Structure formats: C-alpha cells, structure tokens
Trainee: 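Here you go, one structure.
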Amino acid sequence: MPRTISHWINGRLHPAAGARQPVFNPATGEIAAEVGLATEADVDLAVAGAKAAQPAWAATPPLIRARVMFKFRDLLDQQSQRLAAQITEEHGKVLSDALGEVTRGMEVVEFACGIPSLLKGEATAEVGRGIDSFAIRQPLGVVAGITPFNFPAMVPLWMLPVALACGNAFILKPSEKDPSASVILAELLQQSGLPDGVFQVVQGDRIAVERLLAHPDIDAISFVGSTPIAEHIYRTGTAHGKRVQALGGAKNHLIVMPDADLEQAADALMGAGYGSAGERCMAVSVAVAVGPIADPLVERLAPRVRGLKVGPGTDRDADMGPLISQQHRDKVAGYIDAGVAAGAELVVDGRGLSLQGYEGGYYLGGTLFDRVTPEMSIYREEIFGPVLSVVRVPDFETALGLVNDHEFGNGTSIFTRDGDAARDFVQRCRIGMVGVNVPIPVPMAFHSFGGWKRSLFGDHHMHGPEGVRFYTRLKTVTERWPTGIRAGAQFVMPTMG
Ligand code: NAD
C-alpha cells in the first residue's frame with residue numbers, strides 16, 4: 001500500500017476521506033504515494049479553523065511573530081536535505097537544484113524575520129492644529145495560496161512567510177503532483193511555535209481551488225501556475241470580492257548581442273535553458289541571436305546540448321532529471337514534432353531517450369532548434385521542457401520588438417559588453433524581471449518577483465515590499481485630544497485654512 005499524503009488542519013494530519021490520486025516518482029514511473037483530494041467540506045473545515053485562529057495571531061506583537069519565523073528559518077536549514085530529497089522524489093529535479101530551491105525559499109523567511117520594521121507605518125504630527133495623523137498596515141484575515149508543481153517548496157515559501165508574519169492565517173493548496181513538501185512545511189511551522197490553525201494545508205485539485213475562490217471567509221488568493229488557470233483564478237477570485245495576485249506562464253528571451261562574450265552567453269543559455277529540465281517559469285526558452293553571432297553561438301551550443309547528462313535526480317552527476325509526468329513528456333515531444341513540421345532546423349533531438357534501469361522514467365534529452373520564426377508554435381507557446389529555440393534577427397530593434405510583442409512578460413536578459421544597448425533594453429522592454437549579463441534574473445527575497453502582460457494578473461508582485469503590501473491593508477487614522485474646546489457642529493468640508 002503506498003503511503004497517503006493527507007491534509008494538515010488545525011495542527012495535525014487530517015485523514016483524506018474522499019478520492020485519492022497517485023503521486024509518481026518521475027525518475028522511475030513508479031507510484032511513490034497517494035494524495036487525498038479535498039472535498040468542499042475539507043476546505044470549509046480548514047477555513048473555519050483558520051478564521052478562528054487568526055484574530056489571536058494578528059494580535060500577537062510582530063516581534064513575537066518574527067521570532068516564530070527565526071525558528072522556522074533554522075528548522076528549514078536543519079531539514080533542508082530531507083526537504084530536498086522529498087522534492088527530488090516527487091518532482092524529479094536533481095538534488096542540488098532541489099537544495100537551491102529550499103535556500104531561495106528560506107531567504108523569504110529571512111526577509112519575513114524583519115517584519116517589525118516592514119510593518120512600521122507613517123506618521124505626521126500637526127496635520128491640523130492639535131491634530132495628528134498616522135497610517136498603519138493591518139492583516140487581511142485568512143488568505144490562500146495555490147501553487148504549481150515546479151517549485152513545491154520555494155513557491156509556497158514566496159507567499160506564506162510574508163502572509164503569516166503580517167498576521168494572516170494561510171491556507172496552502174499545493175500541486176497534487178508533488179504534495180509532500182507542503183506537509184513538511186506544516187510540521188516545521190508547528191515546531192517553530194506557530195499556533196495551530198494559522199497554517200493549514202488542503203491537498204487537492206480543481207474542487208478545492210473552486211471552493212477557496214468562492215469561500216466568503218477567504219480574503220485574498222495568491223496563485224502561481226499556468227496562464228489559463230491564472231486568468232481564471234484572477235477573474236473568479238476578484239468576482240467574489242477577493243484581492244488576487246495570479247502569476248502565470250512565460251516565454252523568456254535571452255538576447256545575445258554581436259559583442260557578447262560568446263562562452264559566457266553559451267554557458268548562460270545552457271543553465272537557464274536546461275536546468276530543472278526547462279521546468280522553470282524563469283527558464284530561457286528563446287535565444288535571440290543578433291547579427292553575425294548566430295553561427296558561432298549555435299556551434300558552441302550544439303556540443304554542449306549533446307553532452308548534457310540526463311539521469312534520475314539522485315544521480316549527483318546528472319545535469320537534469322526527468323519531466324514531471326508521462327503526459328507532460330509526451331506534450332513536450334509533441335512540440336518538437338511541431339517544430340520540425342513547421343520548418344525549424346532541429347540541431348539536437350532529445351526525443352527517444354531511454355536510460356538503462358530507468359526505462360519507466362519520463363526522460364527527454366536536451367533539444368536545440370535553430371532558425372525558429374515567430375509564427376511557429378514552438379516560439380509562441382510555453383513548452384516547459386528542455387527545448388531551446390534560436391531565433392536569428394538582424395539588429396537590436398528587431399530583438400527588442402520580439403520581446404515586447406510576445407504575450408508573456410515574465411523575464412528576459414541581454415548579453416552584451418555595450419552599456420548603452422543594455423540600458424536602452426532595460427528601459428524599453430515590457431517585462432517584469434530583466435537581467436544584464438545575468439541569465440535568470442530572479443529577484444532576491446527583499447525585492448519582489450513578478451512578470452508583466454499575461455504572466456501576471458493583479459497589481460502586486462510576490463514577496464519583498466510588494467508582498468507586505470499585498471498581505472496587508474492600509475488604515476489611516478486622524479486624531480485629536482481636545483480639552484474643553486467646543487467648536488460646535490461644522491457642516492463644511494474641514495480644511496486647514
Ligand atoms: P497549473 O496551472 O496546471 O497548476 C497550478 C495550480 O493550479 C495547481 O495547484 C493545480 O492543482 C491548480 N489547477 C490546475 N488546474 C486547475 C483548474 N482547472 N482549476 C483550478 N485549479 C487548477 O500549473 P503547473 O503545471 O502546476 O505549473 C507550471 C506552470 O506554472 C507553468 O506555466 C509555469 O510557467 C508556471 N509558473 C509560473 C511562475 C511565475 O512566477 N510566473 C512560477 C512557477 C511556475
């Protein structure tokens with residue numbers, strides 16, 4: 001009998017009574033566990049517990065809330081190997097990459113440890129005679145996070161440390177494809193001293209999500225996942241009067257200018273294109289080669305792509321592991337078929353890879369296309385696999401136009417030695433996160449993460465200052481303490497004249 005991954009409600013595992021579905025080990029194709037799928041009643045129970053626990057947590061001084069975060073940070077550090085091993089088992093990414101994800105998540109906890117400073121408001125003395133005004137930020141109440149499969153620890157950690165430190169209760173609905181990390185996070189939060197009910201996990205699929213979106217006691221929704229679902233979450237959540245931030249898919253371009261350091265650019269494209277088998281929202285999937293650099297760039301990339309070592313995530317020599325599922329592997333292979341049919345030049349073909357001893361795993365080799373054009377589906381759509389497309393353009397303006405005309409606007413990068421071109425690119429690109437000679441410009445925890453265009457629905461990016469704003473609402477107070485003065489009723493708009 002495979003183990004069952006349950007919900008975490010009111011400080012303990014809550015048995016999954018309803019339907020279940022298998023969780024696979026993508027390296028072998030075997031069933032690793034089963035996950036319970038929450039019913040509406042399970043969601044309601046979690047929300048009721050969170051609603052009951054939140055007021056006392058909100059009334060807890062930020063300094064005490066921060067101390068819980070300090071403890072949580074230490075426990076995450078101590079348990080990072082266990083967490084990473086669990087991620088590798090269910091997601092498939094190589095262990096070193098899983099550890100990197102835990103570290104990037106832990107950095108958001110470190111940011112949240114500063115919540116007493118981050119919640120400091122503004123004050124003005126004497127806005128009128130004897131009148132002072134101050135503004136404070138207060139928690140929203142019960143908030144929910146719905147997260148994707150590709151970062152089962154880091155993406156929840158983009159949200160929950162900030163939400164909790166601000167004084168909210170948080171309900172996590174992780175991806176049903178790799179749900180175990182969520183329960184480890186719940187255990188560690190409890191060991192850190194977080195009161196029961198303030199952090200809940202409901203496992204599940206669409207049914208759980210729809211209930212969260214409609215539930216009258218959920219005040220805000222944070223979502224990360226694919227664009228069609230992000231748009232649905234935004235529309236439905238806001239229609240129910242909730243604050244929503246919904247981060248979607250991406251198609252990130254890396255511009256290689258003719259004066260770029262070729263070796264650096266080729267290395268950057270390898271790591272950003274094929275790391276985590278391309279299953280990153282900040283993966284670079286398009287290399288835009290400007291002018292004469294295209295031939296030497298492809299010459300440098302091809303042997304590197306052929307030399308990629310694909311293996312189970314537990315193999316310390318592997319550069320990348322399997323894809324998340326059989327269905328997704330077939331979908332990515334289908335994109336390679338479509339690219340060939342559309343006339344792109346297939347320089348390295350990753351289809352048909354089989355690993356001895358791991359024949360049931362969902363592997364696909366690194367794939368490189370050259371002479372890709374903007375009307376091809378491999379250019380327009382997010383593939384989310386180890387497939388890099390080279391697009392050749394004559395000049396900088398055409399490269400910039402490609403970036404700006406694409407429906408997605410998550411990340412981009414330019415490789416050049418020319419500061420003028422780089423500055424121009426930074427100023428004029430319509431993208432949320434931009435790198436200059438940096439391939440994956442993921443902002444650090446104390447900055448904020450988010451894209452533009454159809455990569456983000458809503459007003460706020462995640463973590464950093466934007467996260468604090470998202471998880472709090474502003475209250476502005478104007479006060480005076482008059483003694484013995486009676487001005488009588490005033491019927492005009494008060495002014496300072
Ligand atoms: P997904 O959209 O399939 O699933 C995300 C979450 O939504 C999961 O929790 C899932 O259970 C839920 N969900 C799925 N279908 C639903 C439906 N019909 N109704 C309600 N809920 C539903 O995404 P995924 O495949 O898990 O993750 C990969 C996607 O996430 C990629 O598109 C990637 O670019 C994106 N992503 C974006 C960012 C970012 O910061 N912009 C970060 C990571 C991943």
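A quick note: this is a predicted structure, and the numbers were derived from the prediction, not measured. Numbers for residues simply follow the sequence, beginning at 1. Each ligand, and each atom within it, is numbered from 1 in the order the structure gives.
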Trainee: My understanding is that only one of Ile184, Leu185, Leu188 makes a side chain to side chain contact (heavy atoms under 4.5 Å, CB included) with Leu75; could you say which?
Mentor: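 Single pass found, and it is Leu188.
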
Trainee: Heavy-atom pairs closer than 4.0 Å: do any link ligand 1 to the side chain of Asn410, the backbone, both, or neither?
Mentor: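 For Asn410, the contact with ligand 1 is made by the side chain alone.
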
Trainee: Is the backbone of Arg430 close enough, under 3.5 Å, to the side chain of Asn404 for a donor and an acceptor to pair up by distance?
Mentor: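 It does hold such a pair.
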
Trainee: What atoms of ligand 1 come closer than 4.0 angstrom to any heavy atom of Glu176?
Mentor: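 Result: 10 (C), 11 (O).
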
Trainee: Output the list of atoms in ligand 1 that are nearer than 4.0 Å to some heavy atom of Trp158, sorted by atom number.
Mentor: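 This gives 40 (O) as the contact atoms.
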
Trainee: Can you tell me which residue and heavy atom of the protein come closest to atom 27 (O) of ligand 1, and the distance to 0.1 Å?
Mentor: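 Scanning the protein heavy atoms, the shortest distance from atom 27 (O) of ligand 1 goes to Pro148 CB, 3.3 Å.
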
Trainee: Among all protein heavy atoms, pick the one closest to atom 28 (C) of ligand 1 and tell me residue, atom and distance.
Mentor: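 Answer for atom 28 (C) of ligand 1: Phe384 CE2, 3.6 Å.
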
Trainee: When you check the gap from the basic side-chain N to the acidic O, do Arg3 and Glu90 get nearer than 4.0 Å?
Mentor: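 Looking at Arg3 and Glu90, the cut-off is met.
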
Trainee: Donor-acceptor pair, distance only, cut-off 3.5 Å: does the side chain of Gln203 make one with the backbone of Ala38?
Mentor: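 Not a single qualifying donor-acceptor pair exists.
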
Trainee: Look up atom CZ in Arg469 and atom CZ in Arg137, then write down how far apart they are to the nearest 0.5 Å.
Mentor: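 One finds 7.0 Å between CZ of Arg469 and CZ of Arg137.
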
Trainee: Could an N or O of ligand 1 be found under 3.5 Å from any N or O of Phe149, whether backbone or side chain?
Mentor: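 Between Phe149 and ligand 1, an N or O pair is found under 3.5 Å apart.
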
Trainee: Considering only heavy atoms, which of Ala246, Ser175, Gly145, Ser226 lies nearest to atom 2 (O) of ligand 1?
Mentor: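 Result: the heavy atom closest to atom 2 (O) of ligand 1 is in Ser226.
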
Trainee: What protein heavy atom sits nearest atom 15 (N) of ligand 1, and how far away is it?
Mentor: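 That would be Ile229 CD1, 3.6 Å.
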
Trainee: Where's the contact between Met462 and ligand 1, heavy-atom distance under 4.0 Å: side chain, backbone, both or neither?
Mentor: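 Near ligand 1, Met462 shows nothing, with every heavy atom at 4.0 Å or more.
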
Trainee: Taking only heavy atoms of Ile146 into account, list the atoms of ligand 1 that are under 4.0 Å away from them.
Mentor: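 Once the distances to Ile146 are compared, the set is 6 (C), 7 (O), 9 (O).
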
Trainee: Could you find the nearest protein heavy atom to atom 19 (N) of ligand 1 and give me its residue, atom name and distance?
Mentor: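 The closest one turns out to be Arg206 CG, 3.4 Å.
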
Trainee: Establish, yes or no, whether a centroid distance under 6.0 Å links the rings of His91 and Phe151.
Mentor: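 Judged by ring-centre distance (under 6.0 Å), His91 and Phe151 do not meet the cut-off.
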
Trainee: Would you call Arg351-Asp337 a salt bridge at under 4.0 Å N-O?
Mentor: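 So Arg351 pairs with Asp337 through a salt bridge.
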
Trainee: Just to be sure I'm reading this right: ignoring hydrogens, which of Pro174, Gly225, Cys281, Gly249 gets closest to atom 35 (C) of ligand 1? Compare them by their nearest heavy atoms.
Mentor: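 When every heavy atom of Pro174, Gly225, Cys281, Gly249 is considered, Gly225 comes closest to atom 35 (C) of ligand 1.
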
Trainee: Where on Thr147 is there a heavy atom closer than 4.0 Å to ligand 1, on the side chain, on the backbone, on both, or on neither?
Mentor: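 Backbone only; the side chain of Thr147 stays clear of ligand 1.
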
Trainee: Please identify each residue that fulfils side chain to side chain contact (heavy atoms under 4.5 Å, CB included) with Leu99, with sequence neighbours left out.
Mentor: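 If we apply the side chain to side chain contact (heavy atoms under 4.5 Å, CB included) test to Leu99, skipping adjacent residues, the hits are Ser80, Gln81, Ala84.
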
Trainee: How far is atom 40 (O) of ligand 1 from its nearest protein heavy atom, and which residue and atom name does that atom have?
Mentor: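 Protein heavy atom with the smallest distance to atom 40 (O) of ligand 1: Phe449 CE2, 2.9 Å.
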
Trainee: For His232, is at least one N or O under 3.5 Å away from an N or O on ligand 1?
Mentor: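 Among all N and O atoms of His232, none is under 3.5 Å from an N or O of ligand 1.
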
Trainee: Taking the minimum heavy-atom distance to atom 41 (N) of ligand 1, which of Gly451, Ser455, Gly411, Gly248 ranks first?
Mentor: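 Closest candidate by heavy-atom distance is Gly248.
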
Trainee: Should Asn150 be counted as touching ligand 1, given the test is an N or O pair under 3.5 Å?
Mentor: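 No: no nitrogen or oxygen of Asn150 is under 3.5 Å from one in ligand 1.
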
Trainee: As an exercise, identify every atom of ligand 1 less than 4.0 angstrom from a heavy atom of Val209.
Mentor: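 In order of numbering, the contacting atoms are 20 (C), 21 (N).
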
Trainee: Just checking Phe408 against His253, ring centres under 6.0 Å apart?
Mentor: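 No, too far apart.
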
Trainee: Evaluate the criterion salt bridge (Lys or Arg N to Asp or Glu O under 4.0 Å) for residue pair Arg454 and Glu231; output intermediate values, then yes/no.
Mentor: CA-CA 8 Å; Arg454 289 177 61 75; Glu231 190 167 22; 2.9 Å; yes

Trainee: State the CG-CD1 distance between Leu45 and Ile9, to the nearest 0.5 angstrom.
Mentor: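 It comes to 5.0 Å.
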
Trainee: Would you mind checking if Asp459 and Arg243 are paired as a salt bridge, meaning a charged N to carboxylate O distance below 4.0 Å?
Mentor: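 Not counted as a salt bridge, because no side-chain N and carboxylate O are separated by less than 4.0 Å.
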
Trainee: For ligand 1, is any non-hydrogen atom under 4.0 Å from Glu382's backbone (N, CA, C, O), its side chain (CB onward), both, or neither?
Mentor: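 Only the side chain of Glu382 comes within reach of ligand 1.
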
Trainee: Please classify the Phe408 to ligand 1 contact at 4.0 Å (heavy-atom distances, strictly less than): side chain, backbone, both or neither.
Mentor: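 For Phe408, there is no contact with ligand 1 at all, from either part.
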
